[in-house]
Number of protein chains: 2
Amino acid sequence: MTTEQAAAVLGGLRAAGVRITAARRAVVDALVAADEHVTADDLAARVAASHPDVHLSTVYRTLDALERLGVVTHVHFGHGRAVYHLSDRLHHHAVCEECGAVIELPSDVLVDVQARLRRDTGFEIDPHHFALVGRCRACI
Amino acid sequence: MTTEQAAAVLGGLRAAGVRITAARRAVVDALVAADEHVTADDLAARVAASHPDVHLSTVYRTLDALERLGVVTHVHFGHGRAVYHLSDRLHHHAVCEECGAVIELPSDVLVDVQARLRRDTGFEIDPHHFALVGRCRACI
DNA sequence: ATCTTTGCAAACTTTTTGCACCAAT
DNA sequence: ATTGGTGCAAAAAGTTTGCAAAGAT
């Protein structure tokens, strides 16, 4: 069940000179189908449903390739786990340290801070690569 | 060379019913002497200069005790490494993903964002536990 | 035929933990 | 004498890597 979007991603890979394998097709399908944020492990589990011998390291390598292509972005959610999503949906994330809940934030929440730091210190924050961490309403 | 500040910290530990050992004294001394942010590993190396057999796990356990006491805070600086500092100097951090440079930020940089998220989503960000990540002036 | 990609196992990094011994109170 | 602290080695958890075999082009 390769969707239109998955086909487009695969086409991009092919155009970039990357070979299309069963494992890659399966990873891309799983990634497009998962409309939340998934860890590499999650993704490997989903892929395993149809392709039991696709190894976790292959998932990592495919995600890497997709990331180099700009199609995929990964975000670090506090302690340890990184999650992946398609780059086209741009937003920030807040993660509850207590329960792990993830809130998607409008992508303008940090523009003022970003501008202030750029002006005052020359530092350019990248608010997509690491999530904001704290406590959600339920865990305060 | 136990300083006044170190003595105060040790006193706090003692008052909390924690035993004062040579290892703990050494860790506290090293922590007070280091006026930058140090990793547990850094700290272990500094401690080793005078107390070669203090184990890294003891450093972690001591930092843990100090953190429970509220004397020490740790901050995650992007990929993997956590750093420790005395809690009394409160500020935020921005870390360059390229060169690792750390910029200390005034502690009010995020109050607006914090207030906005609290109001809009009920989420309370904890801007001390994780640093902001990005690129410093030199690495852009 | 070539040269990339794969599966596997093993290394890696940072932090935590189980355990028997040791030491502060 | 207690009880908590220590060193050590080993386990976590998440990710990366070296390698020989398999597969896409």
Side-chain angles (χ1 to χ4, degrees), chain A residues 10-28 30 37-45 47-48 50-69 72-84 95 97 100 129-131, chain B residues 10-28 30 37-45 47-48 50-69 72-84 95 97 100 129-131:
Chain A
L10 291 168
L13 278 176
R14 186 175 283 120
V18 174
R19 293 182 184 175
I20 308 308
T21 64
R24 290 200 164 144
R25 214 183 298 268
V27 171
V28 170
H37 309 94
V38 286
T39 64
D41 220 50
D42 286 340
L43 217 42
V47 166
S50 55
H51 296 72
D53 39 297
V54 170
H55 199 268
L56 177 57
S57 66
T58 299
V59 173
Y60 275 111
R61 285 189 275 225
T62 299
L63 287 170
D64 220 60
L66 290 168
E67 203 150 9
R68 267 195 304 274
L69 206 77
V72 160
T73 303
H74 77 269
V75 185
H76 296 277
F77 276 6
H79 294 112
R81 57 241 184 78
V83 296
Y84 295 80
V95 185
E97 321 195 55
H129 194 191
F130 283 83
Chain B
L10 290 169
L13 278 176
R14 186 174 284 118
V18 174
R19 293 180 182 175
I20 308 307
T21 64
R24 291 201 164 146
R25 215 181 298 270
V27 171
V28 170
H37 309 93
V38 285
T39 64
D41 218 51
D42 286 341
L43 217 42
V47 166
S50 55
H51 296 73
D53 39 298
V54 170
H55 199 269
L56 177 58
S57 66
T58 298
V59 173
Y60 275 111
R61 284 188 274 225
T62 299
L63 287 170
D64 220 59
L66 290 168
E67 204 151 7
R68 268 195 303 273
L69 207 77
V72 161
T73 303
H74 78 269
V75 186
H76 296 278
F77 276 6
H79 294 112
R81 56 239 183 78
V83 297
Y84 295 79
V95 185
E97 320 194 57
H129 194 191
F130 283 83

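Letters A, B, ... mirror the listed sequences (proteins, then strands); counts begin at 1.
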Quiz item: What's the CZ-C1' distance between B/Arg25 and D/dG5, to the nearest Å?
Solution: 14 Å
Quiz prompt | salt bridge (Lys or Arg N to Asp or Glu O under 4.0 Å) partners of B/Asp64, counting only residues at least two apart | solution = B/Arg68
Quiz item: Can you tell me how far C1' of C/dT14 sits from CG of B/Leu43, to the nearest Å?
Solution: 15 Å
Self-check item: Set of side-chain contact (heavy atoms from CB on, under 4.5 Å) partners for B/Ser50, sequence neighbours left out
Solution: none
Exercise. Please check the phosphate of C/dA24 (OP1 and OP2 only) for any side-chain N or O of B/Arg24 closer than 4.0 Å.
Key: no
Practice problem: Output all residues satisfying side-chain contact (heavy atoms from CB on, under 4.5 Å) with A/Asp41, sequence neighbours left out; order by chain, then residue number. | Solution: A/Thr39, A/Leu56
Quiz item: Partners of A/Leu69 by side-chain contact (heavy atoms from CB on, under 4.5 Å), sequence neighbours excluded?
Solution: A/Leu13, A/Ala16, A/Val71
Quiz item: Which comes earlier along DNA chain C counting from the 5' end, the contact point of B/Val18 or that of A/Asp53, where each point is its nearest nucleotide?
Solution: A/Asp53
Self-check item: Of B/Leu56 and A/Gly17, the one whose closest DNA chain C nucleotide lies more 5'
Solution: A/Gly17
Quiz prompt | For B/His129, all residues meeting ring pair (Phe, Tyr, Trp, His ring centres under 6.0 Å), sequence neighbours excluded | solution = A/His79, B/His74, B/His76
Quiz prompt | Length of the CZ-P vector between B/Arg14 and C/dA23, whole Å | solution = 18 Å
Practice problem: Could you tell me the separation between the CG atom of B/Asp64 and the C1' atom of D/dG4, rounded to a whole number of Å? | Solution: 15 Å
Practice problem: Determine, for nucleotides 9-14 of chain D in 5'-to-3' order, which nucleotides have protein heavy atoms under 4.0 Å from the base (write B), from only the sugar-phosphate (write S), or from neither (write -). | Solution: -----S
Quiz item: Of all residues at least two apart in sequence or in a different chain, which pass the side chain to side chain donor-acceptor pair (under 3.5 Å) check with A/Arg61?
Solution: A/Ser57
Self-check item: Distance in Å, A/Thr21 OG1 paired with A/His51 NE2, rounded so as to fall on 0.5 Å steps
Solution: 9.0 Å
What N/O pairs connect the protein and nucleotides 19-24 of chain D at under 3.5 Å? Give each pair on its own line.
| from | atom 1 | to | atom 2 | distance (Å) |
| --- | --- | --- | --- | --- |
| D/dG23 | N2 | A/Arg19 | NH1 | 2.5 |
| D/dA24 | N3 | A/Arg19 | NH1 | 3.1 |

Quiz item: Taking only residues two or more places apart in sequence, or in another chain, which ones meet B/Phe77 in a ring pair (Phe, Tyr, Trp, His ring centres under 6.0 Å)?
Solution: B/His37, B/His93
